[in-house]
There are 2 protein chains.
Amino acid sequence: MTRPTETPRRTPLSTERVLRAAVALADTIGIEALSMRRLSQELGVVPMALYKHVAHKEELLDGMVDAVVGEIDPPRSGAQGMTAVRGRILSARRVLSRHPWASRVIESRTAPTPALLAYMDSMIGMFRADGYSVDLTHHAMHALGSRLLGFSQELFDQSPDVDPGVREAGLRAMATAYPHVVEIAVRADHDGRSVVGQGCDDQFEFEFSLDLLLDGFERLRARGWRSTG
Amino acid sequence: MTRPTETPRRTPLSTERVLRAAVALADTIGIEALSMRRLSQELGVVPMALYKHVAHKEELLDGMVDAVVGEIDPPRSGAQGMTAVRGRILSARRVLSRHPWASRVIESRTAPTPALLAYMDSMIGMFRADGYSVDLTHHAMHALGSRLLGFSQELFDQSPDVDPGVREAGLRAMATAYPHVVEIAVRADHDGRSVVGQGCDDQFEFEFSLDLLLDGFERLRARGWRSTG
DNA sequence: ACCTGAACACCGTTCAAGT
DNA sequence: ACCTGAACACCGTTCAAGT
């Protein structure tokens, strides 16, 4: 027998299989725990085997970003203008929320990956088709920033949900040092919008700022704004 | 002789000295290269000596953030309302640009540090003093996000300045695949606003979106907007 | 020519041994 | 009681030895 039957015949490695496994593993164990060694173990190969498919870890991360960005829906053929832009950004948000590590990895890229460029290009095209000047579109892209992909940089990650009693005690303790912060936190708790009745409603906050920006763009376009004489 | 004179008498370690050295070292060699071992070497002590002043590396990073945020000017006593808010945010931007690693470290914090809380509290106070409701102020804080500290999350870091000829060749190569992206990039190159005459003017983009948001807040306040009935 | 085990140069942090 | 060298359990990646 040239190939012993006890040896499990593995699906041969391919760049695609490596990337898919990496995305799935990051979803499961988190991006901090994703190492070349851990990934190779998951795929049942020796660590060095990965280096035939990616030059180094950075290239792996690039590929993972492209895989995720590729999940974003194309523009819906029906909608137009800012409605279409809004819908697509909210679709990107749904994709990115399935891969919580993706936003951090995207931020850490120094050069845009192909899928990111294609997404940007198509998004810019939606503005241009709606009558936006090159100039205004340019600044709109910067203003949207990471919101284009459905996430936004908050100052710190939401603290993990704690017991309401503990949270209230914490807020009481902070009330003298940071009265304004506490006032807002208490208000958010009793707003009743959030599922658990405490903390902020991320989706509401995202749409609030997105709409503020989109409205601002529309206003500037309407009055023929230009950045330079 | 109880203490040999050849032994250099070191300034004894203190948490403050550790933090100051860490900030200076990160400014010099970059945050990726800053390790506990490298920092201890810089201070002329054994690595473990640091652990008397910080419980672990995360605590060191927290302290570094607080040191940087502490550099931000207090609100100018003269100005009021959105003018004061705008000025303070631009002051934060100047501080953060002196420590390019700081924005990334701030983003990675899971809980706010004391100096961050104090800054937030004072910023919220400026809105409240200007007649903003708790509700609107809350959403304004989320909308500003990292812009509150003078940075904003772009989709990818500006690619390092390259030779104009190389850049133009690159753009030409991308023109068919990403026509809209290239159109904007070319426009930015000939805008003449940027120092080197190529790429985007970060400061302009920052102020563009900041003002779009501040204008939006003012408009909502003026018409008595509330998020819930 | 291909594949891979061992090794290198690092990490952050624990722990026990030395003073 | 304090301090610290050695060690542990990891990294990403190089490289030379084995097939």
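Everything quoted here is computed from the prediction, not taken from an experiment. Protein chains get the first letters and strands the later ones, always in sequence-line order, with residue 1 at the start of each.
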Inspect the surroundings of CD in B:E168 and state if more than 12 heavy atoms from other residues, nucleotides or ligands are less than 6.0 Å away. no
side-chain hydrogen bond (donor to acceptor under 3.5 Å, both in side chains) between B:T113 and B:D62, worked out: CA-CA 6 Å; B:T113 62; B:D62 279 346; over 6 Å; no
For B:L13 and B:A49, the nearest pair of non-hydrogen atoms, with its separation, is CD1-O, 4.1 Å
Where the side chain of A:Y51 is concerned, which of C:dT13, D:dT13, C:dC11 is the nearest nucleotide? D:dT13
For B:H53 and D:dC2, what is the distance between atoms NE2 and P respectively, to the nearest whole Å? 13 Å
Which class fits the ring pair A:F208 and B:F217: parallel under 30°, tilted 30 to 60°, perpendicular over 60°? parallel
Calculate the interatomic distance between A:E32 atom CD and D:dC10 atom P; express it in whole Å. 16 Å
Kindly point out which of C:dT13, D:dT13, D:dT4 is positioned nearest to the side chain of A:H56? D:dT13
Return yes when atom CZ of A:R98 has more than 12 non-hydrogen atoms of other residues, nucleotides or ligands closer than 6.0 Å, and no otherwise. yes
Could you identify which residues of residues 59-68 of chain A place a heavy atom less than 4.0 Å from some atom of DNA chain D, listed by residue number, or say none? none
Begin from the C-alpha positions of A:R187 and A:E183 and carry the test salt bridge (Lys or Arg N to Asp or Glu O under 4.0 Å) through to its verdict. CA-CA 6 Å; A:R187 171 64 174 250; A:E183 186 180 39; over 6 Å; no
Dot-bracket notation for DNA chain C is requested: 5' to 3', Watson-Crick or G-U wobble pairs only, both distances under 3.5 Å, with ( ), [ ], | and . as defined. ||.|||||...|||||.||
Between D:dT4, D:dA7, D:dT13, which one does the side chain of B:R37 approach most closely? D:dA7
For D:dG18 and C:dC8, measure between their P atoms and round to the nearest Å. 16 Å
Over all strands shown, is B:M48 touching base, sugar-phosphate only, or nothing at heavy-atom distances under 4.0 angstrom? base
If only atom types and distance count, is the side chain of B:R76 paired as donor or acceptor with the main-chain N or O of B:A84 below 3.5 Å? no
Quick check on the 6.0 Å ring-centre criterion: do A:F204 and B:H142 meet it? no
Does the B:S146 side chain pair with the main chain of B:F151, one donor and one acceptor, at a distance under 3.5 Å? yes
To the nearest Å, give me how far apart CZ (A:R38) and P (D:dG12) are. 12 Å
Roughly, in whole Å, what's the span from CE in A:M36 to P in C:dC8? 21 Å
To the nearest angstrom, how far is A:I29 atom CD1 from D:dC10 atom P? 13 Å
Whole angstroms only, please: what is the CG-P distance between B:L50 and D:dC2? 18 Å
